[in-house]
Undergrad: 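Next up is a structure, given as structure tokens.
One is the number of the first residue; the rest follow in order along the sequence. Values below: all heavy atoms of this structure, side chains included; hydrogens, waters and symmetry mates excluded.
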Amino acid sequence: RPMIWSYVMFAVSLVPCAVIGYFLDIPATWAGVILSLLLMFFVYMVVTIRSVFNESERREVLTYVPGPVQKLLSKFL
């Protein structure tokens with residue numbers, strides 16, 4: 001059952017990414033592509049963690065990410 005919600009949230013998070021990609025021209029340089037992918041992954045990660053996990057699971061997931069990312073994610077979760 002949690003896997004179904006993960007797939008649903010992935011599909012839901014693709015919609016804003018598609019809208020952003022339609023209106024903004026993503027630069028074709030490697031730095032631009034990597035930065036855009038990291039930003040989209042961050043949005044997907046926040047949406048998935050907020051919707052799939054309960055509070056104790058969120059804290060546990062945050063312990064596995066690096067310190068700077070942990071601080072940034074904790075602001076959005």
Side-chain angles (χ1 to χ4, degrees):
R1 190 158 173 86
M3 285 302 292
I4 292 172
W5 282 111
S6 296
Y7 289 122
V8 169
M9 293 314 301
F10 178 71
V12 168
S13 66
L14 283 179
V15 172
C17 294
V19 171
I20 290 170
Y22 180 75
F23 289 110
L24 296 177
D25 186 29
I26 297 176
T29 63
W30 278 108
V33 170
I34 291 172
L35 185 63
S36 300
L37 289 173
L38 285 175
L39 180 64
M40 286 188 276
F41 177 72
F42 181 76
V43 169
Y44 168 73
M45 192 169 171
V46 167
V47 169
T48 303
I49 290 174
R50 286 184 62 100
S51 60
V52 174
F53 299 118
N54 61 31
E55 186 63 35
S56 64
E57 292 172 335
R58 287 181 200 156
R59 285 193 304 267
E60 184 177 340
V61 168
L62 283 178
T63 61
Y64 294 106
V65 296
V69 177
Q70 189 177 35
K71 290 178 185 175
L72 185 63
L73 277 175
S74 64
K75 291 179 185 178
F76 292 100
L77 298 177

Undergrad: Is the backbone of L62 close enough, under 3.5 Å, to the side chain of Q70 for a donor and an acceptor to pair up by distance?
TA: yes

Undergrad: Once salt bridge (charged side-chain N to carboxylate O under 4.0 Å, His left out) is applied, do any residues pair with E55, and if so which ones, sequence neighbours excluded?
TA: R58, R59

Undergrad: Mind checking side-chain contact (heavy atoms from CB on, under 4.5 Å) for P66 and listing every partner two or more places apart, or none if nothing turns up?
TA: P68, V69

Undergrad: Do Y64 and L72 share a hydrophobic cluster (ILVMFWY, side-chain heavy atoms under 4.5 Å, transitive)?
TA: no

Undergrad: Got a list of side-chain donor-acceptor pairs under 3.5 Å for residues 37-50, not counting sequence neighbours?
TA:
unit_1: T48; atom_1: OG1; unit_2: Y44; atom_2: O; d: 2.8
unit_1: R50; atom_1: NH1; unit_2: F76; atom_2: O; d: 3.0

Undergrad: Return the set of residues passing side-chain hydrogen bond (donor to acceptor under 3.5 Å, both in side chains) with T63 (not counting sequence neighbours), or none when no residue passes.
TA: none

